Amino acid sequence: MDQIDSTDLAVLEAEYKKFKAVKSRSLLKKYLTQDVFDKLKHRVTASGATLYDCIKSGLANPDSSIGVYAPDAESYTLFHELYDPIIDEYHGGFSPKEYHPGINFGTADALGDLNEWGNYVVSTRVRCARSIEGYPFNPLMTSEHYAELEQDVENALDMLDDDLAGYYRSLNRITIQEQDELIAGHLLFKRGDRFLEAADACRFWPDGRGIFLNSDNTLVIWVNEEDHLRIISMQEGGDLAQVYDRFVRAVTALGNRLPFSFSQRLGFLSFCPTNLGTAIRASVHIRLPNLGKDKRILEDAADQFNLQVRGTAGEHSEAKDYTFDISNRRRLGLTEIECLQEMYDGVKEIIRLEKSMDKGNSRSRKNSTY
Ligand code: ADP
Ligand code: DAR
């Protein structure tokens with residue numbers, strides 16, 4: 001096993017000492033005990049990743065929820081004493097002895113249109129992360145890696161046909177104004193994510209980054225944002241079956257052309273441990289004027305159904321006009337179709353709760369004395 005050099009070790013020791021004095025509710029704070037730190041601080045992966053590369057974002061952002069990323073696939077193994085308890089807690093119980101189940105996309109027929117339960121869903125999206133074998137993750141990628149990976153992906157995207165066909169554009173060739181329009185339309189990733197920047201995930205930006213769109217903007221592929229690939233199917237309305245069907249066809253077509261990084265124990269490998277396993281986040285933009293009045297009530301309801309609540313512009317954003325981004329929280333330890341079913345069942349319950357509050361409000365209005 002390679003060893004960290006003395007200069008890097010001195011920086012790591014100093015930064016960890018400062019972090020120990022800082023208040024944080026991140027899983028990094030909870031699980032990077034002095035014992036674990038001392039056990040891991042000398043280790044270096046074959047690609048050159050140290051413990052500092054894994055934790056620097058969480059050290060710089062004490063308000064992180066997780067606080068760690070993986071600079072390369074090997075980090076999940078070499079620093080497992082830190083990642084294992086974080087993975088176990090985030091994914092609702094996935095012990096170091098457990099293995100991710102085999103791939104099972106199931107059939108979209110099992111799902112349906114969530115607006116049949118009440119017209120609350122504004123739009124529906126299913127996305128996954130994918131890493132490409134042979135490349136490290138963002139913090140260890142060279143300028144050449146970005147150029148080569150972007151070309152590999154662009155060649156694969158050119159083969160998409162029928163309703164999946166579209167065009168790829170490098171971020172270098174998209175004006176800032178047009179980027180902002182695409183971000184506002186929920187199609188493009190944001191710039192300047194401080195958590196990713198602190199993880200050295202934005203070096204050489206915007207080189208190697210870009211976006212693929214099909215003809216009606218219902219298939220979106222992000223290249224080299226947080227992960228090598230984000231494969232996204234999305235559309236207005238609540239027809240989860242149609243969104244998922246398009247998602248499965250796109251992921252399958254690209255998987256036939258690109259070598260996705262896959263681990264028997266952790267499933268599809270991703271930069272952030274929250275996206276391991278299926279790497280799927282299935283979400284709705286849903287308007288909840290009743291439940292949304294008290295975020296704590298909404299969060300408690302979401303927790304019951306293993307759902308996560310984000311704001312209208314996604315992670316680290318606030319809801320506007322009571323429109324929330326609600327999605328499955330678990331991605332590891334269950335199959336693809338189980339992720340989708342968990343989201344469908346949870347959102348159906350959220351709609352039932354919202355409707356019951358509607359009826360409650362109308363009853364109270366009828367019985368009101370003024
Ligand atoms: P990710 O889904 O890739 O983990 P974010 O939470 O940042 O990342 O969301 C990325 C973008 O996708 C944001 O603009 C967010 O508003 C948008 N988004 C997420 N879910 C939906 C949805 N159901 N309908 C429309 N846009 C969505
Ligand atoms: N900002 C990091 C990441 C949390 C999960 N979201 C991702 N991977 N986009 C944090 O620890 O809050």
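Just follow the structure's listing: the first ligand is 1, and inside any ligand the first atom is 1. It should be emphasised that the depicted structure is a prediction, and the values quoted were computed from it without experimental measurement. The residues of the chain are indexed from 1 along the displayed sequence.
Counting protein heavy atoms only, atom 4 (O) of ligand 1 is closest to Arg127 NH2, 2.8 Å. Of the protein's non-hydrogen atoms, His186 CB, 3.8 Å is the one closest to atom 17 (C) of ligand 1. Taking atom 19 (C) of ligand 1 as the reference point, the nearest protein heavy-atom neighbour is Asp325 OD2, 3.2 Å. Protein heavy atom closest to atom 24 (N) of ligand 1, with residue, atom name and distance, is Ser123 OG, 2.7 Å. Residue, atom and distance of the protein heavy atom nearest to atom 1 (N) of ligand 2 are Phe195 CG, 3.1 Å. Closest to atom 7 (O) of ligand 1, if we only count protein heavy atoms, is Lys190 NZ, 3.4 Å.
Within the set Glu315, Glu225, Arg310, the minimum heavy-atom distance to atom 8 (O) of ligand 1 is found for Arg310. For atom 12 (O) of ligand 2, the candidate residues are Gly58, Ser65, Ala198; the nearest heavy-atom contact is made by Ser65. Taking all heavy atoms of Ser283, Gly311, Ser317, Gly314 into account, the minimum distance to atom 20 (N) of ligand 1 is reached by Ser283.
When non-hydrogen atoms are compared, ligand 1 lies under 4.0 Å from neither the backbone nor the side chain of Glu226. Both the backbone and the side chain of Arg125 come within 4.0 Å of ligand 1, judged by heavy-atom distances. Residue-level proximity to ligand 1 for Val284 is carried by the backbone, the only part with a heavy atom below 4.0 angstrom. The proximity of Thr274 to ligand 2, defined as any non-hydrogen pair under 4.0 Å, is limited to the side chain. Here Ile232 has no heavy atoms under 4.0 Å from ligand 1, in either its backbone or its side chain.
Interface atoms of ligand 2 facing Glu226, defined by a heavy-atom separation under 4.0 Å, are 7 (C), 8 (N), 9 (N). Each of the following atoms of ligand 1 lies closer than 4.0 Å to a heavy atom of Thr312: 16 (O). Every atom of ligand 1 is numbered from 1 in the order shown, and the set under 4.0 Å from a heavy atom of Arg281 is 1 (P), 2 (O), 4 (O), 5 (P), 6 (O), 9 (O), 19 (C), 20 (N). Numbered from 1 in the order shown, with element, the atoms of ligand 1 that lie under 4.0 Å from a heavy atom of Ala313 read 13 (C), 14 (O), 15 (C), 16 (O). Close contacts of ligand 2 with Glu315, meaning ligand atoms under 4.0 Å from a residue heavy atom, involve 4 (C), 5 (C), 6 (N), 7 (C), 9 (N). Short contacts between ligand 1 and Arg230, defined as distances under 4.0 Å to a heavy atom of the residue, involve ligand atoms 1 (P), 3 (O), 4 (O). Within ligand 2, counting atoms from 1 as listed, the ones closer than 4.0 Å to a heavy atom of Tyr69 are 1 (N), 2 (C), 3 (C). Counting the atoms of ligand 1 from 1 in the order shown, those under 4.0 Å from a heavy atom of Met234 are 25 (C), 26 (N).
Of the N or O atoms in Trp222, none lie within a sub-3.5 Å distance of an N or O in ligand 1. Where the criterion is an N or O separation shorter than 3.5 Å, residue side chain and backbone included, Cys272 fails it with respect to ligand 2. Of the polar atoms of Ile66, at least one N or O is found under 3.5 Å from an N or O of ligand 2, judged by distance alone.
By the 4.0 Å N-to-carboxylate-O rule, Lys190 lies too far from Asp193 to be salt-bridged with it. The existence of a salt bridge linking Arg296 and Asp300 is excluded, since no basic side-chain nitrogen approaches an acidic carboxylate oxygen closer than 4.0 Å.
For the pair Ile280/Glu336, a side-chain contact is recorded, criterion being any heavy-atom separation below 4.5 Å from C-beta on. Here the side chains of His186 and His285 are in contact, with some heavy-atom distance below 4.5 Å.
Ring pair Tyr135/His145 is perpendicular by interplanar angle, where above 60° counts as perpendicular and below 30° as parallel. In this pair, Phe247 and Tyr244 present their aromatic rings parallel. The plane angle is below 30°, not in the 30 to 60° band.
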Going through the distances and angles, do Asp35 and Asp38 end up as a side-chain contact (heavy atoms from CB on, under 4.5 Å)? CA-CA 5 Å; Asp35 176 51; Asp38 290 337; 5.7 Å; no
Run the ring-ring contact (aromatic ring centres under 6.0 Å, His included) test on His316 and Phe195 for me, step by step, so that the C-alpha distance in whole Å, both residues' side-chain angles and the decisive distance to 0.1 Å come before the verdict. CA-CA 10 Å; His316 306 128; Phe195 301 95; 4.4 Å; yes
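Ring to ring, His228 and Phe137 are close: their centroids are under 6.0 angstrom apart. Aromatic rings from Tyr168 and Trp222 are positioned such that their centres are separated by 6.0 Å or more.
Although no hydrogens or angles enter the test, the distance criterion places no donor-acceptor pair under 3.5 Å between the side chain of Asp72 and the main chain of Pro136.
Counting all heavy atoms, side chain and backbone alike, Phe94 lies closest to Tyr99 at CZ-C, 3.7 Å.
Remark: Arg209 is positioned above the aromatic ring of Tyr146, its terminal NZ or CZ atom under 6.0 angstrom from the ring centre and at most 45 degrees off the axis.
Just one residue in the list Arg25, Lys23, Lys29, Arg194 forms a salt bridge (Lys or Arg N to Asp or Glu O under 4.0 Å) with Asp63, and that residue is Arg194. Exactly one of Lys320, Arg310, Arg281, Arg287 qualifies for a salt bridge (Lys or Arg N to Asp or Glu O under 4.0 Å) with Asp325. That residue is Arg281. Of the residues listed (Tyr90, Tyr31, Tyr76), the one engaging Tyr83 in a ring-ring contact (aromatic ring centres under 6.0 Å, His included) is Tyr76, and it is the only one.
Ligand 2 has no atom lying under 4.0 Å from any heavy atom of Ser26. Not a single heavy atom of Phe271 sits less than 4.0 Å from an atom of ligand 2.
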